[in-house]
Every structure is written in C-alpha cells, then in structure tokens.
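Contents: one structure, followed by commentary.
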Amino acid sequence: MDYISPKEAALKVKRWPKDIIAAGRRHTVGLKSDGTVIAVGDNKYGQCDVSGWGDMVAVAAGNVHMATNTGNAHTIGLKSDGTVAAAGWNKHGQCNVSGWRDIAAVAAGWCRTVGLKKDGTVVAVGRNNEGECNVGGWRDMAAVAAGDWHTVGLKSDGTVAAVGLNKHNQCEVNGWRSVVAIAAGSHHTVGLKSDGTVAAAGWNEHGQCNVSGWRDIVAVAAGCAHTLGLKSDGTVVAAGDNEYGQCEVSGWRGIQLPISTIFKFEGI
C-alpha cells in the first residue's frame with residue numbers, strides 16, 4: 001500500500017476524500033468493498049436501515065448535539081454517480097438530499113448534511129439557526145467538515161472558510177494558510193498544514209486546541225472535545241477531554257494513512 005506525507009498531499013491531485021467508516025452518537029456505519037453499506041447501533045429513527053444501499057463510495061453519520069443524550073441521528077451515503085442517499089432522523093430536513101447531483105464528498109453534522117460538488121461549490125440542508133447551512137456562496141472548495149453548529153470548508157488554495165455558530169471563535173479561520181486537511185469538533189476547528197503542523201480554533205475548555213507543538217502530522221480528526229493527530233511514523237497524538245480514556249493513544253503503533261485519502265489541491 002502507498003502512503004503520503006503532508007507535502008505530497010499538497011500536490012495538484014484531482015481527488016476528494018472518501019470516508020468508508022463513520023460514527024454517529026450511538027450508531028456506526030461501514031462501507032463494504034462491493035459498495036454496500038452496513039450499520040449497527042441505535043436505530044430509533046431508522047439510521048441503520050441501509051441494507052438496501054448499493055454502489056456507494058463514501059458514508060457519513062450525523063452526530064448528536066453534545067448536550068443531548070439521545071440517539072437522534074442520520075446516515076448519509078454517497079453513490080458513485082454523484083447522487084446521495086439518506087436514512088434516519090429528518091426533523092430539520094437533513095435527509096432531503098434526493099435531488100443532489102454531482103456530489104464529490106459528504107459530511108454530516110448536528111441536524112444537517114453538507115455536500116461538496118465536483119465543481120467546488122457546496123450545498124447543505126437541515127438546521128440553519130446559526131447559519132451553518134449558509135454555504136451557497138462558497139467556491140473552489142476541496143473538502144468540507146461539519147461540527148456541532150458550524151460548517152468548515154477547505155479551499156483548493158489552502159485557505160479555510162467557516163460559517164455558523166462562532167460563540168467560541170470556532171469560525172475564526174480566515175487567516176489560516178497552506179492547510180491540506182480539516183476536521184470539525186463539537187465547537188472547535190482543526191486544520192492540518194502542508195508542513196505537518198496543526199492549527200486549531202474554538203472551544204478549548206479541555207485543551208482540545210492545544211496542538212501548536214505538534215509536528216510531522218499527516219492526518220487529523222476531531223471529536224466532541226478532543227483532537228487526534230496521526231504522525232508519519234504511524235504513531236498518534238491526542239489533546240483534550242480524556243474522561244473516558246479517549247486520548248490514551250500514546251502506545252499506538254503502525255497506524256497508516258492510505259493514499260485514497262488524498263484531497264484535491266490546486267493552489268498550494
């Protein structure tokens with residue numbers, strides 16, 4: 001298997017990320033090699049009813065607002081023809097994606113779904129009380145991420161845009177440059193830079209944004225209140241809430257980033 005470094009990820013590659021596993025509040029989704037999808041866990045709203053899905057290339061799972069201890073969630077599947085399927089909780093219209101076309105990547109947040117189109121524009125449906133779906137003016141995007149009440153977009157020139165709730169300054173990313181990957185936590189935003197360093201903005205009560213000292217990072221992920229970084233040597237670093245041991249990754253070895261996760265970057 002081939003692997004990439006942050007510098008290699010910044011090359012002009014005509015690809016988008018394809019997530020093959022996804023985790024909601026109480027359910028887990030997996031994409032099989034034959035294009036079918038499996039899901040387990042809480043199925044109160046039918047979010048696990050994906051057995052009939054086929055020809056899928058990516059999946060996403062809507063999470064639950066951090067203050068809500070319920071299983072309200074939805075599941076999104078991206079098909080190879082650029083259309084999108086959805087199952088589960090739809091109170092805010094977050095599953096109304098049947099008319100979407102030419103989608104290259106999908107993300108799911110609290111009560112909403114975000115789609116990156118092949119032309120670099122972005123669409124979103126669902127709860128928009130804080131403006132988290134106001135992405136109609138975005139252009140030249142290479143990736144999208146969905147937090148609790150904010151949406152983040154990575155442009156092909158390595159800059160970052162964000163809309164939605166900004167109570168904790170999680171949308172203060174306008175000054176970021178040379179970013180090659182993004183992640184969105186409940187109320188914080190993370191950006192991986194082409195030199196292997198990491199930037200973070202937003203809620204930092206648990207230290208989830210204390211990543212300025214990280215080096216040689218090739219991938220990032222954000223949970224509700226913790227942040228993970230994969231290093232090029234296959235080890236993992238973490239910062240933030242560790243109440244349940246979710247940051248106990250210092251002993252991990254051999255974790256690798258497949259080339260299939262390369263983003264589309266044209267201007268870095």
Side-chain angles (χ1 to χ4, degrees), residues 3-6 9 16-25 27-31 58-64 66 73 75-76 105-110 114 116 142-148 150-154 160 162 168 170 173 176 179-194 196-204 206-263:
Y3 303 100
I4 62 170
S5 68
W16 286 265
K18 295 292 188 290
D19 293 323
I20 60 174
I21 55 174
R25 172 67 172 84
H27 77 296
T28 302
V29 186
L31 173 61
V59 291
N63 217 315
V64 174
M66 58 177 291
T75 302
I76 299 298
V106 289
W110 163 240
V114 183
L116 170 63
V144 290
D148 204 358
H150 73 297
T151 301
V152 185
L154 171 61
V160 181
H168 301 280
Q170 59 264 49
V173 297
W176 290 7
V179 176
V180 297
I182 52 174
S186 178
H187 293 296
H188 72 294
T189 304
V190 182
L192 170 63
K193 303 188 73 173
S194 60
T197 61
V198 180
W203 185 44
N204 196 34
H206 301 277
Q208 59 266 43
C209 291
N210 296 343
V211 298
S212 61
W214 290 4
R215 297 291 184 271
D216 202 26
I217 304 297
V218 297
V220 289
C224 175
H226 73 295
T227 303
L228 298 176
L230 170 63
K231 301 191 71 173
S232 63
D233 63 0
T235 61
V236 181
V237 291
D241 183 19
N242 194 38
E243 181 179 0
Y244 300 96
Q246 58 265 51
C247 290
E248 301 297 329
V249 296
S250 60
W252 288 12
R253 298 290 184 273
I255 309 299
Q256 297 288 357
L257 180 67
I259 199 169
S260 61
T261 60
I262 290 179
F263 290 76

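Between the side chain of Thr189 and the backbone N or O of Gln170, at least one donor-acceptor pair lies under 3.5 Å. Judged by distance alone, with hydrogens and angles left aside, the side-chain atoms of Asn204 form a donor-acceptor pair with the main-chain N or O of Cys209 at under 3.5 Å.
For the pair Thr197/Arg215, a side-chain contact is recorded, criterion being any heavy-atom separation below 4.5 Å from C-beta on.
Partners of Glu243 according to the side-chain hydrogen bond (donor to acceptor under 3.5 Å, both in side chains) rule, which considers only residues two or more places apart in sequence or in another chain, do not exist here. In this structure Thr28 satisfies the side-chain hydrogen bond (donor to acceptor under 3.5 Å, both in side chains) test with no other residue, sequence neighbours excluded. In terms of the side-chain contact (heavy atoms from CB on, under 4.5 Å) criterion, residue partners of Asn242 (sequence neighbours excluded) are, by chain and number, Gln246, Cys247, Glu248. For the side-chain contact (heavy atoms from CB on, under 4.5 Å) test, residues two or more places apart in sequence or in another chain that qualify with Ile20 are Leu31.
Using a 30° and 60° split on the angle between ring planes, His187 and Trp203 fall in the perpendicular class, above 60°.
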Distance-only donor-acceptor hits, side chain of residues 219-231, under 3.5 Å, sequence neighbours excluded:
from: Thr227; atom 1: OG1; to: His188; atom 2: NE2; distance (Å): 2.9
from: Thr227; atom 1: OG1; to: Gln208; atom 2: O; distance (Å): 2.7

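Counting all heavy atoms, side chain and backbone alike, Ala146 lies closest to Ala184 at C-CB, 3.7 Å. Across all their heavy atoms, Ile182 and Ala143 have their closest contact at CD1-O, 3.9 Å. Considering every non-hydrogen atom in both Gly185 and His150, the closest pair reads O-CE1, 3.5 Å. The two residues Trp214 and Val198 come nearest to each other via the heavy atoms CE3-CG2, 4.0 Å. Nearest approach of Val29 to Ala61, heavy atoms of both residues: CG2-CB, 4.4 Å. Here the closest non-hydrogen pair linking Gly207 and Ala239 is O-CB, 3.5 Å.
Taken to the nearest 0.5 Å, the OG1 atom of Thr235 stands 7.5 Å off from the CD1 atom of Ile217.
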